[in-house]
Amino acid sequence: MQSKLTRRYVITTALTASTGLSALVLSRSLSAGDTTSIRSKTFKGNRTVEGVKGDGGEGLLAQSNSLIQNCKFLDVGNGAVRVRAPIDNLRIENCEANNLYRFLEVTSSDKKVPADLTHFVVRQVTAREVDRTMTRIRYGSHSGTIEDVKAFGSSRCDLYCVGYQLDGTAHDITYTRVEAHDFREASRPKDKYWNGDGFSDERGNHGIRYISCVATGCSDGGFDLKSADVRLENCIARANKRNYRLWNSGELLRCTSVDPHHYGGTGGKSHFSFHGGVKRYIIDQPVVKASPGNSAPVFFFATKEPMHLEIRNAMIDAPDAPLIRVEGPEPVITWVPERDAQKIRVKRNRA
């Protein structure tokens, strides 16, 4: 006889011994197409304002075919939502978080089995007082959408803090209308290089898109990108040390850079900076705005080999800054149209 039950849930609560936080774990028997829904729940840890690393415990252990909606995560540690095994079809929507180390953490519990997160959506989530990372997505995770998400770093951000982090071979992930604010290292010595990025990806990543994203107030890169053939459209970077820090290849379309700001440590500020083994970038219709007295170079080159840069239809207003500064091999720059036909106001052509 066929059962009338199409799905069955078993919900267990596991006490995290080190923190006392209850982590909700769902195991279930599902028919095809079924989804586990967790709605309007509050997950509260015991992380204090001075909490470090994983203090506070985990909030929710993710499972495949799950919807997490209208939930709050308060005072948690390394993962308001934790992916510790391969997970497919996870949606996180309309959630809030405050005082945490990371919001979405992808770290495998078994080193032999990568915790790939596939076909996922993170939408309309806001987190404040984030000490380390809003989302860390790695291994071979792919086919993801992150949209209408906002992350605000805390005043005590950990070393290597970053709003949104990709690592491993994660690929085919799109950020749309995503914001990262104030990810600044709080304890790095003054004579060292200060990290702290809004968005970062690595050379193993590909198929990464940033659409109408915003990064402000970070102690290193607003967008610190190493993936190949990366694409940015209509993004804004403001008051980061290096608003766009680029390492590989790609295209930036209608992106805006405003008033880079140096917060401390070694290394100077810049609007667009190029590093390492850069290949080729196209910067199409960039908008650069710098207040009087801001001397950050518009294009800063510190590459290992000559790079190719095509600059199209620029609108640059940086009256007290050099257009170009080179600390390494001379770049090959193509202006479309010719430089003199573009709208460029700078103090001088070269630093």
Side-chain angles (χ1 to χ4, degrees), residues 53 73 76-81 83 92 95-107 117 120-138 141 144-168 170 173-186 188 194-202 205 208-227 230 232-247 252 255-258 260-261 263:
K53 305 299 181 182
F73 300 88
V76 294
N78 193 23
V81 178
V83 175
I92 306 171
C95 292
E96 299 177 9
N98 190 73
N99 188 30
L100 66 158
Y101 191 66
R102 287 193 178 99
F103 178 77
L104 175 61
E105 166 69 328
V106 177
T107 294
L117 175 61
F120 64 93
V121 175
V122 182
R123 177 183 292 123
Q124 294 182 336
V125 176
T126 298
R128 301 181 185 276
E129 296 297 313
V130 181
D131 287 347
R132 180 63 184 269
T133 314
M134 181 66 179
T135 60
R136 180 164 71 161
I137 299 168
R138 46 190 181 160
S141 298
T145 297
I146 301 174
E147 63 183 19
D148 298 306
V149 174
K150 297 180 181 179
F152 298 84
S154 73
S155 61
R156 58 190 183 281
C157 277
D158 200 6
L159 300 181
Y160 302 103
C161 56
V162 55
Y164 305 86
Q165 180 181 5
L166 297 178
D167 208 341
I173 295 170
T174 298
Y175 298 87
T176 304
R177 298 180 302 277
V178 176
E179 299 181 18
H181 304 284
D182 302 326
F183 283 87
R184 298 197 290 269
E185 291 188 334
R188 183 78 69 177
W194 287 19
N195 296 283
D197 301 322
F199 298 82
S200 73
D201 59 37
E202 300 297 331
N205 306 135
I208 311 303
R209 302 292 180 262
Y210 301 88
I211 313 298
S212 300
C213 294
V214 178
T216 72
C218 297
S219 52
D220 192 14
F223 295 83
D224 194 333
L225 311 179
K226 297 183 178 72
S227 66
V230 68
L232 292 79
E233 298 180 21
N234 301 310
C235 291
I236 298 172
R238 179 187 295 109
N240 310 285
K241 180 169 68 178
R242 293 173 175 172
N243 279 338
Y244 297 90
R245 197 162 188 243
L246 307 170
W247 299 76
L252 286 69
C255 290
T256 298
S257 174
V258 182
H261 184 85
Y263 294 92

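Starting from 1, each residue takes its place in the sequence as its number. If you're wondering where the values come from, they're calculated on a predicted model, not measured in any experiment.
- Side chains of Met134 and Phe199 form no contact here, defined as non-hydrogen atoms less than 4.5 Å apart.
- For the pair Ile137/Ile146, a side-chain contact is recorded, criterion being any heavy-atom separation below 4.5 Å from C-beta on.
- Of the possible polar contacts, none joining the Asn205 side chain to the Ser227 backbone as a donor-acceptor pair under 3.5 Å is found.
- Ser154 places a side-chain heavy atom less than 4.5 Å from the side chain of Asp131.
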Could you check Asp197 against Cys218 for side chain to side chain contact (heavy atoms under 4.5 Å, CB included), going step by step and ending with a plain yes or no? CA-CA 6 Å; Asp197 301 322; Cys218 297; 5.7 Å; no
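- Residues that satisfy the side-chain contact (heavy atoms from CB on, under 4.5 Å) test with Ala97, not counting sequence neighbours, are Phe73, Leu100, Phe103, Ala127.
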Going through the distances and angles, do Asn98 and Arg128 end up as a side-chain hydrogen bond (donor to acceptor under 3.5 Å, both in side chains)? CA-CA 5 Å; Asn98 190 73; Arg128 301 181 185 276; 6.0 Å; no
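- Remark: the backbone N or O of Ile208 is not paired with any side-chain donor or acceptor of Asp201 at under 3.5 angstrom.
- Not counting sequence neighbours, the partners of Tyr244 by the ring pair (Phe, Tyr, Trp, His ring centres under 6.0 Å) test are Phe223, Phe272.
- In this structure, Gly163 and Ala180 approach most closely via the heavy-atom pair CA-CB, 4.4 Å.
- A pairwise comparison of heavy atoms in Asn195 and Arg188 identifies ND2-NH2, 3.1 Å as the closest pair.
- Remark: the Arg245 side chain and the Ser200 side chain contain no N/O donor-acceptor pair separated by less than 3.5 Å.
- In this structure, OG in Ser219 is found 10.5 Å from NE2 in His261, a value given to the nearest 0.5 Å.
- Residues passing the side-chain contact (heavy atoms from CB on, under 4.5 Å) test with His181, sequence neighbours excluded: Phe152, Glu179, Val214, Thr216.
- The side chain to side chain contact (heavy atoms under 4.5 Å, CB included) test with Tyr175 is passed by exactly one of Thr145, Leu166, Val122: Leu166.
- Every residue meeting the salt bridge (charged side-chain N to carboxylate O under 4.0 Å, His left out) condition with Arg184, not counting sequence neighbours, appears here in chain and number order: Asp182.
- Exactly one of Lys53, Arg136, Arg132 qualifies for a salt bridge (charged side-chain N to carboxylate O under 4.0 Å, His left out) with Glu105. That residue is Arg136.
- Taking Tyr101 as the reference, nothing meets the ring pair (Phe, Tyr, Trp, His ring centres under 6.0 Å) condition, with sequence neighbours excluded.
- Among residues two or more places apart in sequence or in another chain, the side-chain contact (heavy atoms from CB on, under 4.5 Å) test is passed with Ile211 by Thr174, Thr176, Arg209, Glu233.
- Using a 4.5 Å heavy-atom threshold, the side chains of Phe120 and Ile92 count as separate.
- Looking at heavy atoms from C-beta onward, Val149 lies out of side-chain contact with Thr135 at the 4.5 angstrom threshold.
- In terms of heavy-atom proximity, Ser155 sits nearest to Ala186 at O-CB, 3.8 Å.
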